[in-house]
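Worksheet for the structure shown next.
Just so you know, residue 1 is the first one in the sequence shown, and it goes up from there.
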Amino acid sequence: MRTTRPLTRGERGMSLVEVLVALVILSIGVLAVARLFPAGTRAQAQDHLLTAANDYSQEKIEQLTGKTWSDSTLTVGRHPAGTATESLGGGRWRRFYTVTAMNAPLDNLKRVDVTVTYSGAGKSSASSVVATTYVRR
């Protein structure tokens, strides 16, 4: 047979005030974690743009490294000329490249810098990626 003893003042359980304090602390923690999700989504979108820009620059590098020294696409200067750019991916990325003849003793090389500029994903200013390669005579 089980006997029960009367509860003392310290054994009565939690009061309503204690439960409310615990809920407030828990809700502050949940809200702090919830603020991380938009930042993570924004960072993921920015990384997607950066990866695509790197892909576009590498694509052009691969096209140009297969050309011969005298090919018209490897003439010294900016391609396309002036301030024009090549629009990629629905206009979100813009690409151009610059060919520079190297000075002696490296005069058998042309330096090719491919620049891809992009914007978006919550950034107020445009970002760019520059890839460089050298073409040999």
Side-chain angles (χ1 to χ4, degrees):
M1 172 190 286
R2 202 166 160 213
T3 60
T4 60
R5 60 180 176 85
L7 298 174
T8 62
R9 184 167 172 85
E11 297 176 336
R12 290 189 184 174
M14 295 180 15
S15 69
L16 183 59
V17 173
E18 291 171 328
V19 170
L20 289 176
V21 168
L23 285 175
V24 166
I25 291 172
L26 179 66
S27 64
I28 289 172
V30 168
L31 289 175
V33 170
R35 291 190 63 191
L36 294 175
F37 287 105
T41 302
R42 187 172 36 256
Q44 183 180 14
Q46 290 171 356
D47 289 343
H48 169 72
L49 292 173
L50 176 63
T51 301
N54 280 318
D55 288 344
Y56 285 131
S57 65
Q58 188 62 36
E59 174 186 62
K60 186 54 102 175
I61 290 282
E62 290 174 6
Q63 289 172 3
L64 295 173
T65 54
K67 305 290 182 183
T68 62
W69 178 269
S70 58
D71 194 292
S72 63
T73 57
L74 289 175
T75 57
V76 173
R78 188 177 192 269
H79 302 270
T83 59
T85 57
E86 181 183 2
S87 180
L88 305 163
R92 185 170 244 176
W93 295 270
R94 313 225 25 105
R95 176 174 67 191
F96 69 91
Y97 66 97
T98 306
V99 179
T100 309
M102 301 298 290
N103 296 326
L106 301 174
D107 55 354
N108 65 333
L109 294 175
K110 287 184 181 179
R111 177 181 169 155
V112 181
D113 295 313
V114 178
T115 304
V116 178
T117 305
Y118 62 96
S119 60
K123 290 185 117 184
S124 59
S125 62
S127 299
S128 62
V129 171
V130 178
T132 302
T133 191
Y134 294 89
V135 177
R136 201 172 134 204
R137 191 181 310 224

Worksheet entry | Asn108, Thr68, Leu74 screened by side chain to side chain contact (heavy atoms under 4.5 Å, CB included) with Val135, the one that passes |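 Going through the options one by one, the only one that passes is Leu74.
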| Going hydrophobic residue to hydrophobic residue with side-chain gaps under 4.5 angstrom, can you get from Phe96 over to Trp93? |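 The answer is no; the residues belong to distinct hydrophobic clusters.
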Are Tyr134 and Leu106 linked, directly or through intermediate hydrophobic residues, by side-chain heavy-atom contacts shorter than 4.5 Å (ILVMFWY only)?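 Per the 4.5 Å side-chain linkage, Leu106 and Tyr134 are co-clustered.
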Check: How about Arg35: does its CZ atom have over 12 heavy atoms from other parts shown lying under 6.0 Å from it?
Finding: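 Atom CZ in Arg35 is not packed in, count stays at 12 or less.
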Step through the shown structure and confirm whether more than 12 heavy atoms of other residues, nucleotides or ligands are within 6.0 Å of CD on Glu18.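 Count over threshold, so yes.
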Quick one: are [X] and [Y] in side-chain contact, heavy atoms under 4.5 Å?
{"X": "Ser119", "Y": "Arg92", "result": "no"}
{"X": "Thr133", "Y": "Leu64", "result": "no"}
{"X": "Ile28", "Y": "Ile25", "result": "no"}
{"X": "Leu88", "Y": "Tyr118", "result": "no"}

**Q.** Residue pair Thr85 / Arg94: nearest heavy atoms and the distance that separates them
**A.**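 Looking at all heavy atoms of both residues, the shortest contact is OG1-NE, 2.8 Å.
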*Specify the closest pair of heavy atoms between Gly82 and Arg78, including all atoms of both residues, with the distance to one decimal.*
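Shortest heavy-atom contact: O-NH1, 2.6 Å.
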Ring pair (Phe, Tyr, Trp, His ring centres under 6.0 Å) contacts touching residues 27-51 (sequence neighbours left out):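 Qualifying pairs: none.
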- [ ] Any pair with a residue in residues 69-89 that passes ring pair (Phe, Tyr, Trp, His ring centres under 6.0 Å), sequence neighbours left out, goes on the list, sorted by first then second residue, please.
- [x]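 Passing the test, one end in residues 69-89: His79-Tyr97.
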Just distance, no hydrogens or angles: give the donor-acceptor pairs under 3.5 Å from side chains in residues 50-61, sequence neighbours left out.
residue, atom, partner, partner atom, Å
Thr51, OG1, Asp47, O, 2.9
Asn54, ND2, Leu50, O, 3.3
Ser57, OG, Ala53, O, 3.4
Ser57, OG, Asn54, O, 2.9
Glu59, OE1, Arg95, NH1, 3.1
Lys60, NZ, Gln63, OE1, 3.1

